[in-house]
2 protein chains.
Amino acid sequence: MVSGMTESTPTRPAGDATARILTAAEALFAKHGFDAVSMNTIAERASVSKANIFHHFSSKKALYLAVLRVACRDSTQYLQELFVETGTLPERLANFARKQIASMFEHGEVTRLILRELLKDGERQGRDLAEKVFGDNFAQLVEILRTGQARGELRADMDPAMIATLLIGAMVFFFESQEVLRHFPDVKFAHDPKRYSGLVVDILLRGILSDSAVKNLRRAGKNGASSSAQHKE
Amino acid sequence: MVSGMTESTPTRPAGDATARILTAAEALFAKHGFDAVSMNTIAERASVSKANIFHHFSSKKALYLAVLRVACRDSTQYLQELFVETGTLPERLANFARKQIASMFEHGEVTRLILRELLKDGERQGRDLAEKVFGDNFAQLVEILRTGQARGELRADMDPAMIATLLIGAMVFFFESQEVLRHFPDVKFAHDPKRYSGLVVDILLRGILSDSAVKNLRRAGKNGASSSAQHKE
DNA sequence: GATACGACTGACCGACCGGTCAGTCAGTGA
DNA sequence: TCACTGACTGACCGGTCGGTCAGTCGTATC
């Protein structure tokens, strides 16, 4: 069966069975997770016999790792595409956030796959791959913030890694829980990732307090460090 | 099935088999997910025959739902415990964040179980339970913010739901990715949820920009609305 | 003592799991 | 022409899955 025969290659289907297997497996693993997907299901979706999968991949886990490796490679590429920016810190942050969240949604399956791997315990090999991608992303954002700090745009007492965590976390959380947020009547931005990313950056930049409240806050905590959290344990 | 009778039963180990099953299942489901846990494993861990589990719960899915129901009940209770607060908006936010993240780590299994259910697609019944808990939490925080806004502490143009999403997202993300963050050399707060929550609230309140950068920002975007994201697409 | 009942178990079921294997078949090079 | 190769398949493997069932045991009721 198969014999897709797209073009150019004479007799061999060229529509590489391996590629079809990887595509099918990526979609299924991303949606349901490793354990909930059977080799039979993958074979069916890829229009390939189950035995053929084992001809190309030595085991189910090996297939999963291959899928993950492709996803991480793609993801790294997307990441590189969204860099090369200049401008003020606010501009760069807004750009980063907007492009980042757009990329996450655009490549939803890849994102879900990597996040799934990142946020579970155990399994050295897979975690390391996902961690690499995530780490690159994180480092890029930290670099933007460090530059802004050197230029005096970012408050000197701010930890760039802290802000990066907050910003990336806000976007990852939005991606993960968009469906849930949609059900909350108070939430009006659930359908619009771009608007969400803009609002997040806006809050980060300006803070949420009114001018008068800021004055009170400064009067209360004269020491320049953290102003919150001075409560008895 | 399931006789209530938690105590006073004389000879029967009182250590209710049902309770043991639920405890074992909760731990396993939280750690590995529904599909990766077999009834045999649960039975072994609970020191009970597999058939006995089916005597108390009609199916694996029913057991899972029961576990989830208990987790949600507990979680709602924890939530109630951490309310009853007065004070300024900064104080209330810092308190909420600190207690919330502490509660998440303290009841890690329950948290993981609910998040796992919340962030996956499909499965009406389970999602609804988790969504209820999450929604209550969300609503509580929105209420705090609304009160602050009415008092003039919170900037008038800020959307409380937006801030609530950002704050809860920051905490959920930290909980989920603590292990990963620990591996990043730039991150110094990964081991200290309390400090992290304090820093997050601090950023929310004050913003991240230096005073001079704030002035530039205000000059650039005279309209009171969002100051970021005015770039060509 | 007879009876009834709920908690509990070991043996068992069909279905399906990941994985193997012998063999088919088209293309290739000598 | 023919040996060889690699992609590919259907049939099959042992094992585990969720789930069932006949039956044992301890206790409560009459």
Side-chain angles (χ1 to χ4, degrees), chain A residues 1-26 28-29 31-68 122-123 125-126, chain B residues 1-26 28-29 31-68 122-123 125-126:
Chain A
M1 18 220 84
V2 179
S3 77
M5 195 173 308
T6 46
E7 52 199 340
S8 75
T9 37
T11 43
R12 270 290 147 203
D16 219 354
T18 304
R20 288 210 311 283
I21 293 169
L22 282 172
T23 303
E26 178 186 298
L28 290 167
F29 283 143
K31 187 173 258 173
H32 304 107
F34 181 82
D35 294 295
V37 175
S38 77
M39 296 299 267
N40 273 313
T41 309
I42 296 171
E44 205 168 323
R45 175 121 165 198
S47 303
V48 156
S49 72
K50 186 176 69 167
N52 193 17
I53 301 183
F54 285 100
H55 174 68
H56 291 284
F57 303 93
S58 63
S59 68
K60 186 185 180 184
K61 193 158 285 183
L63 170 59
Y64 182 74
L65 279 176
V67 168
L68 203 62
E123 305 297 330
Q125 304 176 80
Chain B
M1 44 210 71
V2 184
S3 66
M5 200 169 304
T6 44
E7 47 199 348
S8 79
T9 37
T11 44
R12 274 287 149 205
D16 221 354
T18 304
R20 286 208 312 282
I21 293 169
L22 283 171
T23 303
E26 177 186 298
L28 290 167
F29 283 142
K31 187 172 258 172
H32 304 106
F34 182 82
D35 293 294
V37 174
S38 75
M39 296 299 266
N40 273 313
T41 309
I42 297 172
E44 203 168 325
R45 176 118 161 200
S47 304
V48 157
S49 72
K50 185 175 69 165
N52 193 18
I53 300 182
F54 285 97
H55 174 69
H56 290 285
F57 303 94
S58 62
S59 68
K60 187 186 181 184
K61 193 158 287 184
L63 169 60
Y64 182 73
L65 279 177
V67 167
L68 203 61
E123 306 297 331
Q125 305 176 77

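Residue numbers begin at 1 in each chain, while the letters A, B, ... track the order of the sequences. No experiment lies behind these values; they were computed from the predicted model shown.
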By side-chain hydrogen bond (donor to acceptor under 3.5 Å, both in side chains), A:Thr23 pairs with (sequence neighbours left out) none

Test side-chain hydrogen bond (donor to acceptor under 3.5 Å, both in side chains) applied to B:Ser47 - qualifying residues, sequence neighbours left out = none

Quick one: side chain to side chain contact (heavy atoms under 4.5 Å, CB included) partners of B:Ala51, sequence neighbours excluded?
-> B:Ser49

Polar atom pairs (N or O), protein with nucleotides 15-18 of chain C, under 3.5 Å:
residue	atom	partner	partner atom	Å
C:dC17	OP1	A:Ser38	OG	3.3
C:dC17	OP2	A:Asn40	ND2	3.1
C:dG18	OP1	A:Val37	O	3.4
C:dG18	OP1	A:Lys60	NZ	2.8
C:dG18	OP2	A:Met39	N	2.8
C:dG18	N7	A:Lys50	NZ	3.0

How close or far is atom P of C:dT9 from atom CD1 of B:Ile21, stated in whole angstroms?
-> 9 Å

Identify, with sequence neighbours excluded, every residue that meets side-chain hydrogen bond (donor to acceptor under 3.5 Å, both in side chains) alongside A:Ser59.
-> none

Side chain to side chain contact (heavy atoms under 4.5 Å, CB included) against B:Ala46, all qualifying residues, sequence neighbours excluded = B:Arg20, B:Ile21, B:Ala24, B:Val48

Nearest-nucleotide check on DNA chain C, A:Lys61 vs B:Val48; residue mapping nearer the 5' end is B:Val48

Taking only side-chain nitrogens and oxygens of B:His55, does any of them come within less than 4.0 Å of OP1 or OP2 of C:dA7?
-> yes

May I ask you to verify if any side-chain N or O of A:His56 is less than 4.0 angstrom from the OP1 or OP2 atom of D:dG6?
-> no

State, to 0.1 Å, how close A:Thr18 and A:His56 come at their nearest heavy-atom pair, and which atoms those are.
-> OG1-ND1, 3.1 Å

So, is A:Asn52 near the phosphate of D:dA7, with a side-chain N or O under 4.0 Å from OP1 or OP2?
-> no

Rounded off to whole Å, could you give me the CD1-to-C1' distance for the A:Ile42 and C:dG19 pair?
-> 13 Å

